[in-house]
**Q** 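Take this structure, written in structure tokens, and hold onto it; I'll ask about it next.
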Amino acid sequence: MERTLIGNLRQAIGQKVKVQGFLHVLRDQKKMQFLVLRDTTGMVQVAHYRPANEDLANQISALTPESALTIFGTVVDNPIVKLGGLEIQLESLLVNNLAEAPLPLDPTAETLPSIDYRMDWRYLDLRRRQSLTLFQVETAVEMAMREYWVQNGFIEIQSPKIMGAPSESGAELFEIKYFEGKAYLAQSPQFYKQMAMAAGFDRVFEIGPVFRADPSFTSRHMTEFTGIDMEMSWIDSHDDVMSFQERWLQYIYKRVKETHGEAIQEYFGVDLVVPEVPFPRLTMAEAYAILKDQNYALPPEKKGDIDPGGERLLGQYVKEKYGNDFVFIIDWPIAVRPFYHMRHEDNPGLTKSFDLLGSGLEITTGAQREHRYDILLRQAEEKGLHAEPIQDYLNFFRYGCPPHGGFGLGLARLMMVMLNLPNIREAVYLFRGPNRLTP
Ligand code: ATP
């Protein structure tokens with residue numbers, strides 16, 4: 001017999017069905033026994049009249065919450081049942097895996113234990129309907145990203161994550177043993193997506209792991225995360241990259257709202273707003289003026305940069321002034337940007353680069369890249385980089401390379417913004433941080 005998903009039971013009224021899922025709740029009463037079964041599509045009440053079958057009644061009484069069950073029964077329309085107005089009259093039951101009791105983490109509980117404890121028992125934590133919804137939404141997000149890219153002529157690449165030489169600076173690199181020598185885990189696909197521009201691919205994207213040996217203990221950093229990267233050729237400036245990104249994001253929000261808007265409202269209390277384009281743009285100079293106006297003092301070590309508190313304030317400012325959750329901060333000083341960002345012709349102290357903030361959280365860095373070999377080499381040297389370790393990269397720009405630019409976005413950060421989550425640990429399947437390598 002084929003499995004019927006709980007979400008499809010209404011089409012099976014009067015029929016015998018096989019339903020499989022977790023035992024959400026058991027109400028073992030004197031005469032009646034009620035099981036609430038849960039699968040990824042919903043929950044259903046399953047009823048059994050005790051005297052009808054003593055053996056089955058005993059089998060039910062021995063069940064523990066969260067056991068994995070297969071049940072067989074007949075679907076009946078029953079408007080007084082709160083769960084979907086229908087019920088299954090139980091005929092037989094198969095226990096696929098009896099859960100041990102008590103549960104270390106009860107996915108049906110109203111109050112949640114600490115986030116760290118939840119990480120220890122992540123597979124039980126993920127059984128919560130909210131967690132499930134998050135990953136259903138994330139699936140829709142990635143699908144919408146790909147749809148938009150493919151409609152716009154992008155090619156998908158997968159670049160290697162084991163590298164022979166650091167891509168930017170050595171600071172955030174994990175070193176690994178590689179046979180007799182050593183290698184590094186990629187901290188970004190940056191160089192390789194630019195290689196695709198030199199290869200004449202015109203437009204590429206990659207969704208893949210990124211590793212950062214950054215001892216950060218914040219609510220928005222991980223040592224391994226999923227990077228969403230794209231790069232496009234024949235642009236005039238970073239503005240072309242921003243206008244692509246804002247339309248791409250708008251499309252993602254639109255698609256997600258269509259398919260998951262109600263679930264997001266129900267499980268996250270968020271009314272998803274499809275952002276208006278163009279997103280507001282603030283130069284770094286304007287951003288500084290706004291922060292100054294609000295008497296916000298940036299920490300001295302953040303000179304030329306913006307710290308998370310400043311980002312939040314700018315997010316609020318833009319929300320109030322323009323009604324948009326998103327804002328591009330543009331034209332960052334060269335001191336806080338990597339050597340490969342192109343500089344403004346008329347103001348060589350500034351890069352043609354941007355960050356995108358979503359509800360005051362940085363989710364993207366992007367730029368037009370320097371595609372002219374001599375200038376790139378000079379900029380690398382100015383930053384104290386030696387040409388030799390990055391010569392393979394520099395070579396991309398020796399035999400014809402179109403002007404190009406792109407961005408990198410953290411998937412979990414986007415999920416935080418979209419679903420209004422306070423901590424990145426909530427937004428990722430399994431968190432990796434300086435103190436967390438398990439499960
Ligand atoms: P931050 O300033 O927040 O540390 P960054 O400037 O190092 O970020 P980039 O190197 O520009 O970030 O990476 C591009 C995007 O990748 C960021 O905008 C962010 O969305 C995401 N990202 C960067 N570092 C992390 C991290 N440690 N954990 C999760 N996501 C990250």
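What's counted below: heavy atoms across the whole structure, side chains too, no hydrogens, waters or symmetry copies. Indexing begins at 1, ligand by ligand and atom by atom, following the structure's order.
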**Q** Is the shortest distance from a heavy atom of Ile363 to ligand 1 less than 4.0 Å?
**A** yes
**Q** In the protein, what heavy atom is nearest to atom 7 (O) of ligand 1, and what distance, to one decimal place, separates them?
**A** Arg212 NH1, 3.3 Å
**Q** Looking at ligand 1, is there an atom of it that comes within less than 4.0 Å of some heavy atom belonging to Arg220?
**A** yes
**Q** Take a 6.0 Å sphere around CD of Glu147 and say whether it holds more than 12 heavy atoms from other residues, nucleotides or ligands.
**A** yes
**Q** Check residues 133-142 and write down every donor-acceptor pair under 3.5 Å in which the side-chain atom is one partner and the other belongs to a residue at least two apart or another chain.
**A**
from: Thr133; atom 1: OG1; to: Arg129; atom 2: O; distance (Å): 2.7
from: Thr139; atom 1: OG1; to: Phe135; atom 2: O; distance (Å): 2.7

**Q** Which atoms of ligand 1 sit under 4.0 Å from any heavy atom of Thr364?
**A** 18 (O)
**Q** Are the ring centres of Phe326 and Tyr253 closer than 6.0 Å?
**A** yes
**Q** Which residue supplies the protein heavy atom nearest to atom 5 (P) of ligand 1, what is that atom called, and how far is it?
**A** Glu362 OE2, 3.9 Å
**Q** Hey, do the aromatic rings of Tyr340 and Phe397 have their centres closer than 6.0 Å?
**A** no
**Q** Considering only non-hydrogen protein atoms, determine which one is nearest to atom 11 (O) of ligand 1 and report residue, atom name and distance to 0.1 Å.
**A** Thr365 OG1, 2.8 Å
**Q** Is it true that Tyr373 and Tyr399 have ring centroids separated by less than 6.0 Å?
**A** no
**Q** Over 60° means perpendicular and under 30° means parallel, so tell me whether Phe174 and Phe211 are parallel, tilted or perpendicular.
**A** perpendicular
**Q** In terms of residue, atom name and distance, what is the protein heavy atom nearest to atom 27 (N) of ligand 1?
**A** Met222 O, 2.9 Å
**Q** Do NZ/NE/NH1/NH2 and the carboxylate oxygens of Glu231 and Lys193 come within less than 4.0 Å?
**A** yes
**Q** If you have a sec, work out which protein heavy atom is nearest atom 19 (C) of ligand 1 and how many Å separate them, to one decimal?
**A** Arg413 NH1, 3.5 Å
**Q** Classify the contact between His221 and ligand 1 as side chain, backbone, both or neither, using a heavy-atom distance cut-off of under 4.0 Å.
**A** both
**Q** Considering only residues two or more places apart or on different chains, which pairs with a residue in residues 306-323 satisfy salt bridge (charged side-chain N to carboxylate O under 4.0 Å, His left out)?
**A** Lys319-Asp325
**Q** Give the residue, atom name and distance (to 0.1 Å) of the protein heavy atom nearest atom 15 (C) of ligand 1.
**A** Gly408 O, 3.7 Å
**Q** What protein heavy atom lies closest to atom 22 (N) of ligand 1? Include the residue and the distance to one decimal.
**A** Phe225 CZ, 3.4 Å
